[in-house]
Each structure stands twice: as structure tokens, then as C-alpha cells.
Engineer: 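Quick one: this structure, given as C-alpha cells, is what I'll be asking you about.
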Amino acid sequence: MKRGAMLVPLVLTAVLTACGSGGAKSSENSGGGPPKGGWPQPVNGQLTPQMCGLLTDADYAKYGHARLPVISQKRLDNAPNAIDCLYTTSDELDIGLQPTAEAAKTQFAAGLKDHKERLTEDHRPTVLATNVVQGADESWFDYWTLGTANSQFKEYEISVRRGSLVVGIVLSGLKGKNEKDPRTVLTGLAGLVLQRIPNVGRADTGKTHKAEFAVAGAGRARQIVFNDPTSGEVTTLKNVKLPWHVEKPLINYGQAQIMLNLNAVSGAPMAAIGCNISVDGKTVVQEDPKIGGFANCSQPFTPPK
């Protein structure tokens, strides 16, 4: 999830009081039905800021939650096809569309892994529940990843994947008088998004790019180390039979560049060893086998759109 302004609780209380029990209007369509022309859909396969209107103030009010005024509704410049809809306090809607379901599945898994690690590192509790949204391929609900352990206003979030579509919603900790429990609110809102863009994400619109890491040589490598572009983690392998290669999905999460890095140490000092990194079958960087016991391939790479 992206992040917006977090205001001091006293200021938030004043804002709520000024707005009244129903909250201020945060979008052109604050009613319960679709806007004129229907619910906004992608244009030429691209998500648009108008799709922030997929959830209205009335949708939140149905669950007892008062969504406060909008801060920003925009396409994300550093992501291939995504929008972010941010409102006062922590209410937020993110929608992203990957070219393939495989890429979205990888993105979804990476997001859940990061969420678990952050809560563990911050020694925060969890109420994690999975597969909570009907009509989705996978989903999870929990405390908001970037929240604080001792906050009086506890935020929650939900992440949902259907095919190549990934939807994330953060729910502010400022509860309405008759607000339903956070899981009910978020699963209901996520379900509405999926219903209102029923065909989005169901069919692949492109391909999942692949990065291949390869080490050439004979015998065994004492050690192979490479940066996994899927997880962003460094992977270390020991005593590997040569020649060796592995293929990894190359997912565009919005990075300007990805550092592709591979190095290998041969099992014998005088053994020839080389390396190669390619993307979609095209070499990005290569070091031909040479005697010396060490090979290194490293190159910044601009991920395909």
C-alpha cells in the first residue's frame, strides 16, 4: 500500500465533527448507484484515475464508515498499470493490473510475504485471514502493514487478486458510531470492486518476462550467488553441478531499474568458469569462461513495460 498523511488524533476528531456524522463528500459520485455511463472501466487496457469512483461514500456509509475528503486520485508513474486513490486519514484504494495472471500471482505473494515480515519485525499482533473474498482467486485480511502497534486508531487492510488484477484497500481506524467489524467492511468493499469491473484481469493481455541466470563450466561450483528479481532477495547456492541455470519471473513493480547480479566460484582454482544473464532469451550481460575460479555478471536493467 502507498501512504498518505496521518493526522494527529485531536485534529482528526475536529475534522470528523466539522464534516458531520456522514463525512464530507470525497468524490463526484457520493450516491449508492453507478455514475452516468456506468462504473468506470479501463481505457485501452489502462487503468484510469476515474476508476477511483468504483467505491463511493455511500458504499462506505452502508457499513457505518465515514470516508473523509479525497487527497489524491492518480495513476502511478512508477508502476506499469496502477492507480492510487488516497483519502484523509488512512482510507485508500489501490488497483493494479499486471500483463498476466502469473505476474499478478507473484506480486500478490511478494506483498503478503512483505506484510508478514514487517509485522514480525515490528513485534505487532496479527489477525491474518486468507481466502476471505468470494469471486477472487486469493485474498488476505489483516492489520494494516504500515500501522503502529499501540495506535488508538487501528487500521486494517485487504489484498485481493483475480487473474491479473490486484486490489488493495486500507480502512481508517476512525470508526463510525455503528460501523461494522473491519473484516466485514473490507471484504464487502473489495467484493464491490470486483463486481463493478467484472471482466478486468480475467484474460492475460501480455506476457510474463523471464530472467535466466546461467553459469558455464565443468565439475562443480563451490558457490553461486544471484539477486532473485522476483523476491528481491539474495540467493546463495553451495556445491552446484555445472553447467547450471535457473529461470525467474521478472515482475515490474514500478522500479526504474533492477540490478541483475550473478557471481560464481568454481570448485577448483584453475577451473574455467563463466556466467550469463538474459531476459526473454536476449543476453543482458555475459562473461565468457576463463581460468581463475571466479565469474561475475552484473548489470542494471530497465524492466519491460
Side-chain angles (χ1 to χ4, degrees), residues 1-2 40-49 51 54 74-84 94-114 133 135-140 159-168 190 193-194 196-216 224 226-235 237 243-262 275-286 297-305:
M1 285 289 175
K2 315 299 180 298
Q41 304 294 313
V43 177
N44 297 323
Q46 295 295 304
L47 306 182
T48 71
M51 294 178 70
L54 288 169
K74 62 184 180 180
R75 277 182 58 86
L76 297 178
D77 295 333
N78 62 345
N81 193 2
I83 61 169
D84 179 63
D94 289 330
I95 305 176
L97 189 61
Q98 289 284 352
T100 66
E102 179 187 3
K105 186 175 182 179
T106 301
Q107 175 189 352
F108 183 90
L112 178 56
K113 181 174 182 291
D114 177 70
V133 177
D137 293 320
E138 50 188 341
S139 57
W140 61 266
S159 184
V160 181
R161 182 185 71 83
R162 183 184 66 197
S164 58
L165 175 73
V166 178
V167 176
V193 174
L194 296 184
R196 290 167 180 176
I197 47 175
N199 298 317
V200 178
R202 293 193 181 277
D204 290 353
T205 58
K207 70 175 184 178
T208 303
H209 299 282
K210 305 284 188 179
E212 183 180 65
F213 300 82
V215 176
I224 294 175
F226 67 97
N227 289 354
D228 188 331
T230 304
S231 65
E233 298 178 348
V234 176
T235 299
L237 306 174
W244 168 90
H245 71 94
V246 67
E247 190 176 72
K248 293 286 184 177
L250 187 66
I251 309 301
N252 188 340
Y253 296 123
Q255 316 97 306
Q257 287 190 320
I258 299 173
M259 179 57 69
L260 299 177
N261 187 67
L262 167 67
C275 58
N276 178 284
I277 303 176
S278 62
V279 174
D280 295 337
K282 296 181 179 179
T283 296
V284 175
V285 59
Q286 177 174 310
C297 289
S298 183
Q299 180 70 38
F301 180 75
T302 301
K305 296 295 185 180

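Index from 1, following the sequence.
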Engineer: Apply salt bridge (Lys or Arg N to Asp or Glu O under 4.0 Å) to Glu138 and list each qualifying residue two or more places apart in sequence or on a separate chain.
Structural biologist: Arg161
Engineer: Check each of Val246, Asn227, Asp228 against Thr235 using the side-chain contact (heavy atoms from CB on, under 4.5 Å) test, and report the only one that passes.
Structural biologist: Asp228
Engineer: Which residues pass the side chain to side chain donor-acceptor pair (under 3.5 Å) test with Thr283, sequence neighbours left out?
Structural biologist: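 Thr283 satisfies side chain to side chain donor-acceptor pair (under 3.5 Å) with Asn276 once adjacent residues are dropped.
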Engineer: Give the minimum heavy-atom separation between Leu262 and Cys275, together with the two atoms involved.
Structural biologist: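 Result for this residue pair: CD2-CB, 3.8 Å.
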Engineer: Can you tell if the side chain of Pro40 reaches within under 4.5 Å of the side chain of Leu54, non-hydrogen atoms only?
Structural biologist: yes
Engineer: Checking Thr230 against Thr106: is there a side-chain donor and acceptor pair closer than 3.5 Å?
Structural biologist: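 No donor-acceptor contact under 3.5 Å links the two side chains.
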Engineer: For Gln46, enumerate each residue passing the side chain to side chain donor-acceptor pair (under 3.5 Å) test, keeping only those at least two apart in sequence or located in another chain.
Structural biologist: Arg75
Engineer: Sequence neighbours left out, what passes side chain to side chain donor-acceptor pair (under 3.5 Å) with Thr48? Give chain and number order.
Structural biologist: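 Per chain and number, Thr48 pairs via side chain to side chain donor-acceptor pair (under 3.5 Å) with Gln50.
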Engineer: A side-chain contact here means heavy atoms from C-beta on lying under 4.5 Å apart; do Leu165 and Ile197 qualify?
Structural biologist: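 Contact flag for Leu165/Ile197 side chains = yes.
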Engineer: Mind checking what makes salt bridge (Lys or Arg N to Asp or Glu O under 4.0 Å) contact with Lys210, not counting sequence neighbours?
Structural biologist: Glu102
Engineer: Does Glu247 have any salt bridge (Lys or Arg N to Asp or Glu O under 4.0 Å) partners at least two apart in sequence or in another chain, and if so, which?
Structural biologist: none
Engineer: Output yes when a side-chain donor or acceptor of Asn81 lies under 3.5 Å from a complementary backbone atom of Leu47, and no otherwise.
Structural biologist: yes
Engineer: For the residue pair Ile277 and Cys297, what are the closest heavy atoms and their distance?
Structural biologist: CD1-O, 3.7 Å
Engineer: Val166 and Gln107: which non-hydrogen atoms are nearest, and at how many Å?
Structural biologist: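 Scanning both residues completely, I find the closest heavy atoms to be CG2-OE1, 4.1 Å.
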Engineer: Find the distance between CZ (Arg162) and OG (Ser139) and round it off to the nearest 0.5 Å.
Structural biologist: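 It is 12.5 Å, given to the nearest 0.5 Å.
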Engineer: Test of understanding: with ring-ring contact (aromatic ring centres under 6.0 Å, His included), list the residues that count as partners of Phe226, not counting sequence neighbours.
Structural biologist: Phe213, Trp244
Engineer: Go through the structure and list residues passing side chain to side chain donor-acceptor pair (under 3.5 Å) with Lys207, not counting sequence neighbours.
Structural biologist: none
Engineer: I'd like to check the salt bridge (Lys or Arg N to Asp or Glu O under 4.0 Å) partners of Asp114; sequence neighbours left out, ordered by chain and number.
Structural biologist: Arg118
Engineer: Where is the tightest heavy-atom contact between Ala136 and Val160, given as atom of each residue plus distance?
Structural biologist: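 That closest heavy-atom pairing would be CB-CG1, 3.4 Å.
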Engineer: Indicate the atoms forming the closest heavy-atom contact of Asp137 with Gly163, along with that distance.
Structural biologist: OD2-N, 2.6 Å
Engineer: Find out whether Leu112 and Ser159 are in side-chain contact, i.e. whether some heavy atom of one side chain is under 4.5 Å from a heavy atom of the other.
Structural biologist: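 A side-chain contact is absent here, since even the closest heavy-atom pair is not under 4.5 Å.
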Engineer: To the closest 0.5 Å, what do you measure between CD (Glu212) and NZ (Lys248)?
Structural biologist: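 Here the interatomic distance stands at 12.5 Å.
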Engineer: Looking only at heavy atoms, what is the nearest atom pair of Val133 and Ala190, with distance?
Structural biologist: CG2-CB, 4.2 Å
Engineer: Can you list the residues that meet the side-chain contact (heavy atoms from CB on, under 4.5 Å) rule with Pro300, with sequence neighbours excluded?
Structural biologist: Gln257, Met259
Engineer: Would you give the length of the straight line joining atom CD1 of Ile224 to atom CG of Leu237, rounded to the nearest 0.5 angstrom?
Structural biologist: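 Result: 6.0 Å between the selected atoms.
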Engineer: For Val279, what residues pass the side-chain contact (heavy atoms from CB on, under 4.5 Å) criterion, not counting sequence neighbours?
Structural biologist: Ala211, Leu250, Leu260, Val284, Phe301
Engineer: For Thr100 and Ser164: C-alpha separation, side-chain torsions, deciding distance, then whether side-chain contact (heavy atoms from CB on, under 4.5 Å) applies.
Structural biologist: CA-CA 5 Å; Thr100 66; Ser164 58; 5.6 Å; no
